[in-house]
Novice: 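Would you mind keeping the following structure in view while I ask a few things?
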Amino acid sequence: MFAREPLKVCNPDGYTRREVLAAGVKTAIASCLLPGMPAAGAKTRAPLRVINIMNFIRAEEPRESIDLIQPVREQMALIKAHRFPATWLLQYDALVEGPYVNFLKDAMPPDHEPGIWFEMNRKICDDAGIPWRGNPKWEWDYHVPIAYAIGYTPEERRKLADTAMATFRRIFGHDAKTVASWNLDAVSIAYLADHYGVDAFGNCRDQLATDGFTIWGGPIAAYYPGRKNAWSPALTARNQISTPMFRLLGQDPVYYYDNQLPYPDTMEPVWPSGQSETFVDRFLEMTAHAPTQSVAYAQLGQENSFGWPQMSKAYPMQMDKLARARSEGGLIVETMGETGRRFKRSFTSTPTQAQVMLKDPFGRDTAPQRSIWYQSKYFRANLHFVEDQFYLRDLHVYDDRFPQPYLEEPVRQHGIEQRLLAVLDGYHWSDDEVRAGRKGVRAMGQFVLIAPDGSEKPLTMAGLPTVSESGSMLQASVPLAGGGRLVAVFHEQETAFRLRDAPSHSRLGLKFVWAPDRSALKEVSADQLHYRFRDFSYAVRIANGVALKTAFGVSICAGKQGALRLWMAQQT
């Protein structure tokens with residue numbers, strides 16, 4: 001289907017988003033429509049379903065000559081034509097040079113907002129009294145230790161935040177209420193929230209070795225971050241930063257996880273995914289109508305440094321489709337700052353949320369894939385479907401005690417990993433054959449039927465799953481070949497699995513399989529799985545089941561009656 005093999009991540013520096021675009025990847029994607037999926041069960045509050053249009057602006061692009069004001073002008077014209085609210089985030093160079101500030105002041109309607117894109121360049125370092133450590137020939141250097149706050153000491157991060165906010169206030173007459181970056185850290189956002197009352201933060205979505213860094217295991221949409229880890233939702237009020245964090249870019253919930261696409265897999269209009277009308281239709285339909293628990297969130301837009309020619313085809317298409325989706329009901333389009341304020345009014349701690357995509361997002365007829373994501377402040381889970389196969393693909397837990405990398409010590413290298421606490425990591429714990437798109441040891445949680453004689457038979461799907469929700473509970477019911485159903489229920493602190501109408505005297509089994517040398521599993525007792533990652537210990541408790549360690553993972557046999565339960569919440 002693709003013009004070249006998927007990019008591998010063996011290079012620790014990875015690749016930049018611009019390098020991928022320059023490779024000229026072509027793809028042909030068929031189209032069909034995703035039907036609405038009404039939620040079952042009473043809800044005490046309608047979920048927040050919101051789209052932010054956020055474009056950020058750089059004044060310098062040292063890698064090539066490019067018209068950086070044209071995208072801003074064209075984006076503004078399209079957004080105003082649809083009468084959308086919008087957010088414009090300026091990198092420091094765009095605050096102090098070029099035509100960007102004057103243009104925004106003249107062109108922004110009252111329901112637009114400016115804010116800060118918090119990446120570093122020579123000018124902000126000079127104004128903050130911090131030596132410039134980047135390429136001496138460049139005003140902006142994209143390498144991780146230079147561009148992002150984690151490349152600076154905590155004291156330097158606070159100086160950079162003060163400098164950015166003071167300059168913004170001098171220019172616009174008030175503090176910025178929206179701050180985003182591809183790589184925000186807990187020290188910076190806690191300071192900005194506590195001292196400047198920022199209403200909304202934006203951080204990059206999960207990604208593999210792009211722009212010199214990996215992010216893996218974070219919440220799928222929106223959350224209150226912890227004071228030790230910007231990628232992790234706070235469990236307790238004392239550790240919670242008061243400003244919500246939103247994951248940027250509108251990520252494909254199905255294919256991104258296995259790194260199967262040779263380009264970033266988001267709604268950005270410069271990528272084939274964002275240019276696919278099928279993908280855009282299905283993503284907006286999911287956001288507007290699929291079961292979502294409390295929050296469905298996505299950010300649309302594009303940074304100006306890709307240039308208008310690269311985004312000129314898909315950007316108008318996306319705005320047209322967004323206008324249609326808004327007119328049909330179900331979606332709010334507003335500024336990031338307003339979404340942050342709405343989130344704070346609605347939730348005192350991170351609410352449960354879900355992404356449910358029950359048709360292939362690109363309309364593939366051959367080996368279609370589907371996925372269900374569930375998220376709470378305690379854990380995230382992913383139940384994935386490939387043709388008639390289904391399995392758990394991801395389980396990550398959160399703990400207020402687990403610090404993010406480079407919380408206190410600045411990063412000094414390009415090519416870093418920022419991973420959270422995995423119970424099952426379907427990508428990193430698979431072997432190299434699977435990562436290369438071939439058969440091998442795929443990390444997964446596979447469901448099996450255990451007969452009275454102890455023999456096992458993998459469960460396969462007959463027909464499509466159905467999804468319902470009630471309160472903080474999301475339920476997936478999977479029809480099985482041979483009769484019966486597997487019911488997976490996700491609660492705020494636990495998951496539960498049971499068989500319905502299964503053969504008598506049979507039991508449910510859950511087999512975790514992975515490449516043993518890549519997993520964080522350390523010990524298995526009858527009722528607990530014990531893990532250790534980056535010198536941090538955590539565990540999952542098992543109820544109504546017995547676990548045994550195997551050569552390639554863990555086998556759990558459910559009790560004779562009731563659901564097999566995995567207690568995911570960590571003791572803090």
Side-chain angles (χ1 to χ4, degrees), residues 48 50 52 54 56 87 89-92 95 113-120 124 128 148-169 172 174-204 215 218-219 221-248 295 297 299 334-351 377 398-408 418:
L48 172 62
V50 62
N52 295 155
M54 187 278 283
F56 76 82
T87 297
L89 302 187
L90 294 100
Q91 190 169 268
Y92 194 83
L95 271 175
E113 68 168 355
I116 292 172
W117 185 257
F118 195 55
E119 289 185 16
M120 312 315 150
I124 192 172
Y148 305 115
I150 55 174
Y152 301 82
T153 67
E155 180 183 1
E156 289 174 331
R157 296 175 207 182
R158 290 186 278 268
K159 286 183 179 180
L160 291 163
D162 285 336
T163 301
M165 197 63 80
T167 301
F168 186 94
R169 187 190 309 118
F172 287 103
H174 58 84
D175 290 338
K177 293 301 180 182
T178 301
V179 177
S181 172
W182 292 142
N183 210 312
L184 286 174
D185 67 289
V187 171
S188 299
I189 62 175
Y191 185 75
L192 286 162
D194 295 345
H195 288 78
Y196 295 104
V198 172
D199 286 325
F201 293 117
N203 228 351
C204 192
I215 307 161
Y223 62 101
Y224 286 108
R227 291 183 176 271
K228 287 187 176 182
N229 197 323
W231 304 107
S232 184
L235 303 188
T236 59
R238 67 179 179 272
N239 188 56
Q240 181 170 291
I241 294 172
S242 61
T243 300
M245 179 74 76
F246 299 96
R247 302 300 296 275
L248 302 178
V295 179
Y297 173 82
Q299 172 257 325
E334 63 186 3
T335 64
M336 287 185 70
E338 183 54 40
T339 299
R341 292 184 286 274
R342 187 187 299 272
F343 192 93
K344 288 191 282 188
R345 291 193 300 268
S346 301
F347 311 111
T348 57
S349 65
T350 299
K377 68 180 180 181
Y398 305 115
D399 194 310
D400 282 350
R401 300 166 297 178
F402 181 63
Q404 70 175 86
Y406 318 111
L407 180 65
E408 299 290 342
Q418 299 156 107

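For clarity, every value in this text was computed on a predicted model and none was experimentally measured.
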Novice: Flag the pair Tyr297 / Leu48 as yes when at least one side-chain heavy-atom distance between them is below 4.5 Å, and no otherwise.
Specialist: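 Not in contact.
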Novice: When you measure from the side chain of Lys377 to the backbone of Leu235, do you find a donor-acceptor pair of N or O atoms at a distance under 3.5 Å?
Specialist: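 Checking the backbone N and O of Leu235 against the side chain of Lys377, a donor-acceptor pair under 3.5 Å is found.
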Novice: What are the two closest heavy atoms between Ala186 and Gly226, and how far apart are they?
Specialist: CB-O, 3.8 Å
Novice: Return the CZ to CG distance between Arg341 and Asp199, rounded to the nearest 0.5 Å.
Specialist: 4.5 Å
Novice: So Phe343 and Val50, do their side chains get closer than 4.5 Å, heavy atoms only?
Specialist: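 No, side chains not in contact.
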Novice: Kindly indicate whether the side chain of Asp400, heavy atoms from C-beta on, has any atom under 4.5 Å from the side chain of Lys228.
Specialist: no
Novice: Would you sort out whether Tyr148 and Leu184 count as a side-chain contact (heavy atoms from CB on, under 4.5 Å), showing the intermediate values?
Specialist: CA-CA 7 Å; Tyr148 305 115; Leu184 286 174; over 6 Å; no
Novice: I want to check something: taking the side chain as every heavy atom from C-beta on, are Gln404 and Ser232 in contact at a cut-off of under 4.5 Å?
Specialist: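 Side chain of Gln404 against side chain of Ser232, heavy atoms only: no contact under 4.5 Å found.
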Novice: How long is the gap from CE on Met245 to OH on Tyr224, to the nearest 0.5 Å?
Specialist: 13.0 Å
Novice: How long is the straight-line distance from OH of Tyr191 back to NZ of Lys159, given to the nearest 0.5 Å?
Specialist: 11.0 Å
Novice: Indicate yes or no: at least one non-hydrogen side-chain atom of Phe168 is less than 4.5 angstrom from one of Asp175.
Specialist: no
Novice: Can a side-chain donor-acceptor contact be found between Glu113 and Thr178 if the only test is distance below 3.5 angstrom?
Specialist: yes
Novice: Measure the CD-OG1 distance between Gln299 and Thr339 for me, rounded to the nearest 0.5 Å.
Specialist: 11.0 Å
Novice: What's the separation between atom CG in Leu89 and atom CE in Met54, rounded to the nearest 0.5 Å?
Specialist: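 Nearest 0.5 Å value for the CG-CE distance: 5.0 Å.
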Novice: For Tyr398 and Asn229, which I'm curious about, is there any donor-acceptor pair between the side chains at under 3.5 Å?
Specialist: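 There is no such pair between these side chains.
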Novice: Pair Arg157, Asp162 - check side-chain contact (heavy atoms from CB on, under 4.5 Å), show working.
Specialist: CA-CA 9 Å; Arg157 296 175 207 182; Asp162 285 336; over 6 Å; no
Novice: What distance do Ile116 atom CD1 and Leu90 atom CG have between them, rounded to the nearest 0.5 Å?
Specialist: 9.0 Å
Novice: Could you report the tightest heavy-atom contact between Ala164 and Ile124, atom names first, then the distance?
Specialist: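 Closest heavy-atom pair between Ala164 and Ile124: CB-CD1, 4.0 Å.
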Novice: Are the charged groups of Glu338 and Arg345 less than 4.0 angstrom apart, N to O?
Specialist: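 A salt bridge is present here (some side-chain N lies under 4.0 Å from a carboxylate O).
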Novice: Looking only at heavy atoms, which two atoms of Ala200 and Phe246 are closest? And how far apart?
Specialist: CB-CE1, 3.9 Å
Novice: Taking all non-hydrogen atoms of both residues into account, name the closest pair between Glu408 and Pro154 and its distance.
Specialist: O-CD, 3.2 Å
Novice: Check Trp182 against Cys204 and note the closest heavy-atom contact, atom names and distance.
Specialist: O-CB, 3.2 Å
Novice: Got Arg238 and Arg227 here, is their nearest side-chain heavy-atom distance under 4.5 Å?
Specialist: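 The answer is no; the side chains never approach within 4.5 Å.
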Novice: Given side-chain contact (heavy atoms from CB on, under 4.5 Å), test Arg158 with His195 step by step and report yes or no.
Specialist: CA-CA 10 Å; Arg158 290 186 278 268; His195 288 78; over 6 Å; no
Novice: Tell me, with the steps shown, if Ser188 and Asp185 meet side chain to side chain donor-acceptor pair (under 3.5 Å).
Specialist: CA-CA 6 Å; Ser188 299; Asp185 67 289; 2.6 Å; yes
Novice: Side-chain contact, heavy-atom cut-off 4.5 Å: Arg247 with Tyr223?
Specialist: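 Arg247 reaches Tyr223 side chain to side chain.
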Novice: For the pair Trp117 and Phe56, name the ring-plane relationship: parallel under 30°, tilted 30 to 60°, perpendicular over 60°.
Specialist: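 Aromatic pair Trp117/Phe56 classed parallel.
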Novice: State, to 0.1 Å, how close Pro219 and Pro233 come at their nearest heavy-atom pair, and which atoms those are.
Specialist: CG-CD, 3.5 Å
Novice: Taking it one step at a time, do Ser349 and Gln240 satisfy side-chain contact (heavy atoms from CB on, under 4.5 Å)?
Specialist: CA-CA 8 Å; Ser349 65; Gln240 181 170 291; 3.8 Å; yes
Novice: Using a 4.5 Å cut-off on heavy atoms from C-beta on, say whether the side chain of Tyr92 contacts that of Phe118.
Specialist: no
Novice: Quick one: which of Ile241, Asn203, Thr243 gives a side-chain contact (heavy atoms from CB on, under 4.5 Å) with Ile189?
Specialist: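 Only one of Ile241, Asn203, Thr243 forms a side-chain contact (heavy atoms from CB on, under 4.5 Å) with Ile189, namely Ile241.
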